[in-house]
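Written below as structure tokens is the structure these notes are about.
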There are 2 protein chains.
Amino acid sequence: MIPKTSGSTQKSAVPKSDAVYRILKRAILEQAFAAGAKLPEDSIGERLGVSRTIVRQALARLNGEGLIELRPNKGACVSHPSLEDGHNIFAVRRSLETLVVDSLIGRLTAPMIKELEAHVDAEDMARLNNPSASIQLAGEFHVLLARLTQNAILLRYVTELVSRSSMILSLYGRPHSSDCAVSEHRELIAALARNDREGACKLMDHHIEAITSRALIKGSSENDVSNLLAAYAREEGL
Amino acid sequence: MIPKTSGSTQKSAVPKSDAVYRILKRAILEQAFAAGAKLPEDSIGERLGVSRTIVRQALARLNGEGLIELRPNKGACVSHPSLEDGHNIFAVRRSLETLVVDSLIGRLTAPMIKELEAHVDAEDMARLNNPSASIQLAGEFHVLLARLTQNAILLRYVTELVSRSSMILSLYGRPHSSDCAVSEHRELIAALARNDREGACKLMDHHIEAITSRALIKGSSENDVSNLLAAYAREEGL
DNA sequence: GACGTATTTATTGCATACAATATTGACGAT
DNA sequence: ATCGTCAATATTGTATGCAATAAATACGTC
């Protein structure tokens, strides 16, 4: 009566669209698709061996999370967030991640702290070896913090915001912009560990500010034109 | 060349699933369905004259917004948030709505203030005449504030949180709990109008606190049992 | 040769049909 | 009579087919 814990071809207890969703999400966040790229249902479905129905569901979900845009009768394309979107996203992050820290004060157990430190160690490790994994891990640190709050909706929002932040960074951030985050993460853990609410909140606040300014200093000139056009075009439905 | 602004049978430029989504959302928020009620695709589709495909899309979206729960192979049912969910939701609201107020300081034009005052007048009007519309309007005041920030993602989150708050209130709030909100709304507008950042933030903070405590004082005894069971059941996947 | 229009092609919107899973009810054994 | 098992029913998961809309191409006119 033990449920088959099969090997590779596990009978999925979860809908296929979840798998497609995850694949597409990873592909978008790793910039396998350029911003603005079209995402036709049938080519994706054909490639992944599922029907358009499934792809459609995955696309609808990605649309809900702001990773793609879905215009009626025109199909889906990878989001091309504007600089203004970037500022908005980071403003909300700042607010919510301060709440994360605030919620965590006085509730962090020793194993939780160990988990956080292990994660930052991994970030440190990847910093030199694997730069692309590095930015991924830096984002996941924030998601991990949010998870530790045990606040489901806070976790969902932070996760979504971190994803979208990474799109912003890839569009407007300067290269190597996430390197220096590791030390800030360590300081934050230290403040949390000593239940220093004021300090931890301030650190998080400055940390997000730092990420924001690293990313959005000015309208990194090359993208600015296309982005400006995109903004006008969107208003006209083009 | 004027696009047909037809009467009732307007050629919908928007997908049908949007209409179904809105209908179901309203029905849920107005408590036409009890919390936990099953939402079978067939019967809904049949009733609304659309196929299951459409209903499915609407349900997926509602699931993404936390208004329903969608368990694989088991179908959808109206969410039955726990008291803990309630506290989590209000905690996030408090954080984000403070950001709303903070973003609005120094950016409110005269027409905006007029719009806010008109809204609160409507709240006042409905307070005695139409109690059910009253709670609806009270929520929409917060959505309106969020919209005025021009921060799209902030608006989305606040909208979602207000919806979910209304579910929480209907489950755990005492009757007439939203009556006293109107005066608080007026004070808030006044503080915003005089660009009093400190005062406005504090007012919003206390306002959300007030809503929270009106709603969640304790596990309003009658629902407590069913809710407790629901919490355990959910852990077991039932 | 350039522009506007018609036709063709591609892609999305929707509904239906079939397969897989869960739920319900009936039946028989203890 | 109660429990467990099996069949019947209902509901969800997925794929496919047709209709509607948008995009691309070809054509004719100026």
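First the proteins, then the strands, lettered A, B, ... as listed; each starts at 1. Since this is a predicted model, take the numbers as computed values, not measurements.
- Screening residues 134-159 of chain A for salt bridge (charged side-chain N to carboxylate O under 4.0 Å, His left out), with sequence neighbours left out, gives Arg156(A)-Glu160(B).
- Arg94(A) pairs by the salt bridge (Lys or Arg N to Asp or Glu O under 4.0 Å) definition with Asp205(A), Glu209(A), not counting sequence neighbours.
- In summary, Arg164(A) and Asp85(A) do not engage in a salt bridge, as defined by a charged side-chain N under 4.0 Å from a carboxylate O.
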Query raised in the report: Using Watson-Crick and G-U wobble pairs whose two distances are both under 3.5 Å, how do you write the pairing of DNA chain C as dot-bracket, with | for links to another strand?
Result: ||||||||||||||||||||||||||||||
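- Rounded to whole angstrom, the span from the CG atom of Leu59(A) across to the P atom of dT11(C) amounts to 14 Å.
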All N/O contacts under 3.5 Å from nucleotides 9-13 of chain D to the protein, with atom names and distances to one decimal?
from, atom 1, to, atom 2, distance (Å)
dT12(D), OP2, Glu41(B), N, 3.2
dG13(D), OP1, Asn73(B), N, 3.0
dG13(D), OP2, Arg56(B), NH1, 3.0
dG13(D), OP2, Arg56(B), NH2, 2.4
dG13(D), O5', Arg56(B), NH2, 3.4
dG13(D), N7, Arg52(B), NH2, 2.9
dG13(D), O6, Arg52(B), NH1, 3.1

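- For the pair Leu148(A) and Leu108(A), the minimum side-chain heavy-atom distance is below 4.5 Å.
- Looking at heavy atoms from C-beta onward, Ile89(B) lies in side-chain contact with Ser165(B) at the 4.5 angstrom threshold.
- Side-chain atoms of Ser134(B) do not come within 3.5 Å of backbone N or O of Asn130(B) as any donor-acceptor pair.
- The salt bridge (Lys or Arg N to Asp or Glu O under 4.0 Å) search around Arg26(B) returns Glu30(B), not counting sequence neighbours.
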Validation: residues 35-42 of chain B side-chain donor-acceptor distances under 3.5 Å, sequence neighbours left out:
from, atom 1, to, atom 2, distance (Å)
Glu41(B), OE1, Arg52(B), NE, 3.0
Glu41(B), OE1, Arg52(B), NH2, 3.2
Glu41(B), OE2, Arg56(B), NH1, 3.2

